[in-house]
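Below, read A as the first sequence line, B as the second, and so on, with proteins coming before strands; counting in each chain starts at 1.
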Amino acid sequence: MLINHDLLNSYGGEIITFKTNDYIFQEQQIPKYYYQIISGHIKLNHLSEDGKELIQGIHSAGESVCELLLFIDEKYPVNAVAMSECAVMKVFKSDFIRMLEDHRHVSEDVHKYISYRLFEKFIMMQNLAAHSAETRIKGILQYFKNYTNDKSLYSYEIKLTRQQLASLSGLRVETVIRRLKKLEKEKFIKIENGKVYY
DNA sequence: ACATTAAGTGGTG
DNA sequence: CACCACTTAATGT
């Protein structure tokens, strides 16, 4: 995990729980807390004017969400939504900042974490900006498999719905479904009972 | 049995 | 591809 729970506790950290589809925070709100996921999954999304959802990222246990907003004076650019039942540790902004000042190594960990997230954004941007649907989908699949150690063929089960893959890639559901079937024929992925293995 | 959600198909622009 | 309409399968209450 990014930051030790005991340390967060000693700086006023408290645990709050969310049910599926609950908001941890919403777009345009002013960031006041540091959030670190204890269990469950949280997605960062944005709804376009016509109602289409763009998923900016999906985070799980041990990771923090939008901590970078605590270092600048801006409102949240995205919503944080619980994708399952979630337990989250939250720490007041001022206490969080004080903790970083008191613990240099923790501060470095946070720097690295933010840097890695930014690095990911570069990769994702390049994938989404000027590529075919097939390349976009492959990019998303690779992005999630990168978090696992097993790199062998079909070792990773994509635990996302076709719709979620669409919201991540900026494509429509139908396109995702059709492309996945094509990728299966090409032996790039395997599909069993609707589940995608990559 | 009825409602809901996700996967999948056809066809048009 | 996006968009629209619709069918099918699986779950849930």
Side-chain angles (χ1 to χ4, degrees), chain A residues 15-29 35 37-63 65-66 76-88 117-198:
Chain A
I15 296 173
I16 38 178
T17 58
F18 297 92
K19 288 174 289 183
T20 306
N21 292 329
D22 278 353
Y23 285 106
I24 287 75
F25 56 74
Q26 283 180 278
E27 207 171 324
Q28 297 306 316
Q29 287 180 342
Y35 296 99
I37 306 171
I38 294 173
S39 64
H41 289 79
I42 293 176
K43 68 178 174 183
L44 301 176
N45 74 0
H46 169 78
L47 301 180
S48 56
E49 294 168 29
D50 52 340
K52 257 183 298 182
E53 177 188 30
L54 173 64
I55 298 180
Q56 288 271 13
I58 295 177
H59 299 294
S60 50
E63 303 181 310
V65 282
C66 282
Y76 282 121
V78 293
N79 307 296
V81 187
M83 297 177 75
S84 60
E85 288 218 338
C86 288
V88 178
R117 283 278 106 75
L118 186 53
F119 169 75
E120 280 181 348
K121 281 297 173 193
F122 277 116
I123 307 290
M124 290 298 264
M125 278 300 113
Q126 291 164 359
N127 251 305
L128 269 55
H131 280 305
S132 64
E134 185 169 312
T135 309
R136 290 197 205 185
I137 293 175
K138 283 181 176 178
I140 304 287
L141 298 180
Q142 187 59 51
Y143 166 79
F144 283 101
K145 185 166 183 173
N146 270 345
Y147 279 98
T148 70
N149 295 318
D150 192 345
K151 305 297 179 194
S152 58
L153 193 63
Y154 308 147
S155 64
Y156 183 69
E157 178 190 343
I158 308 297
K159 290 164 184 169
L160 297 169
T161 65
R162 310 293 195 264
Q163 180 58 61
Q164 288 172 325
L165 286 174
S167 296
L168 277 162
S169 61
L171 298 167
R172 305 297 311 207
V173 209
E174 302 92 321
T175 302
V176 171
I177 291 172
R178 284 162 179 148
R179 280 291 144 175
L180 284 179
K181 293 210 149 190
K182 180 165 177 269
L183 290 176
E184 182 190 22
K185 276 181 185 169
E186 298 168 354
K187 307 295 181 188
F188 187 81
I189 59 174
K190 185 175 70 174
I191 300 180
E192 274 180 7
N193 300 321
K195 293 175 183 174
V196 178
Y197 298 90
Y198 170 54

Original post:
How is A:Q164 classified with respect to the nucleic acid when contacts are heavy atoms under 4.0 Å: base, sugar-phosphate, or nothing?
Top reply: nothing
Original post:
Considering only heavy atoms from C-beta outward, does the side chain of A:F144 approach that of A:L160 to under 4.5 Å?
Top reply: yes
Original post:
Within less than 4.0 Å of OP1 or OP2 of C:dA2, is there a side-chain N or O belonging to A:T175?
Top reply: yes
Original post:
Along DNA chain B, 5' to 3', what are the outermost nucleotides having an atom less than 4.0 Å from a heavy atom of chain A?
Top reply: B:dA7 to B:dG11
Original post:
Where do A:S39 and A:A61 come nearest, in terms of heavy atoms and distance?
Top reply: CA-CB, 4.3 Å
Subject >> By ring pair (Phe, Tyr, Trp, His ring centres under 6.0 Å) - contacts of A:F188 (at least two apart) >> reply: A:Y198
Enumerate, atom names and distances included, each donor-acceptor pair closer than 3.5 Å involving a side-chain atom of residues 16-27 of chain A, sequence neighbours excluded.
from: A:D22; atom 1: OD2; to: A:K19; atom 2: N; distance (Å): 2.7
from: A:E27; atom 1: OE1; to: A:H46; atom 2: ND1; distance (Å): 3.0
from: A:E27; atom 1: OE2; to: A:H46; atom 2: ND1; distance (Å): 2.9

**OP:** Might you work through the side chain to side chain contact (heavy atoms under 4.5 Å, CB included) test for A:N79 and A:K43, ending with a clear yes or no?
**Re:** CA-CA 8 Å; A:N79 307 296; A:K43 68 178 174 183; over 6 Å; no
Which side-chain N or O atoms in residues 169-177 of chain A pair as donor and acceptor under 3.5 Å with protein atoms at least two apart or in another chain?
from: A:S169; atom 1: OG; to: A:L165; atom 2: O; distance (Å): 2.9
from: A:S169; atom 1: OG; to: A:A166; atom 2: O; distance (Å): 3.4

Subject >> Full working for side chain to side chain contact (heavy atoms under 4.5 Å, CB included) between A:I42 and A:C86 >> reply: CA-CA 8 Å; A:I42 293 176; A:C86 288; 3.9 Å; yes
Contact list (N/O, under 3.5 angstrom) for nucleotides 4-10 of chain C vs protein:
from: C:dC4; atom 1: N4; to: A:E174; atom 2: OE2; distance (Å): 2.7

Subject >> Test side chain to side chain contact (heavy atoms under 4.5 Å, CB included) applied to A:T161 - qualifying residues, sequence neighbours left out >> reply: A:Q163, A:Q164
**OP:** Can you sort out which residues in residues 179-197 of chain A have a heavy atom within less than 4.0 Å of DNA chain C? Ascending by number, please.
**Re:** none
Subject >> Residues that A:E192 engages under side chain to side chain donor-acceptor pair (under 3.5 Å), provided they are two or more places apart >> reply: none
**OP:** Go through the structure and list residues passing side chain to side chain donor-acceptor pair (under 3.5 Å) with A:H59, not counting sequence neighbours.
**Re:** A:E63
Pairs under 3.5 angstrom, nitrogen or oxygen only, protein versus nucleotides 11-13 of chain C, please.
none

Original post:
At under 4.0 Å, does any side-chain N or O of A:K52 touch on OP1 or OP2 of C:dA2?
Top reply: no
**OP:** Measure across A:I189 and A:L180 and return the closest heavy-atom pair with its distance rounded to 0.1 Å.
**Re:** CD1-O, 3.4 Å
Original post:
Which residue pairs pass the side-chain hydrogen bond (donor to acceptor under 3.5 Å, both in side chains) test when at least one of the two sits in residues 119-140 of chain A, sequence neighbours left out?
Top reply: A:Q56-A:K121, A:R117-A:E120, A:E120-A:Y147, A:S132-A:T135, A:E134-A:K138, A:E134-A:R179, A:E134-A:K182
Original post:
How would you list all residue pairs meeting salt bridge (charged side-chain N to carboxylate O under 4.0 Å, His left out) that involve residues 141-168 of chain A, not counting sequence neighbours?
Top reply: none
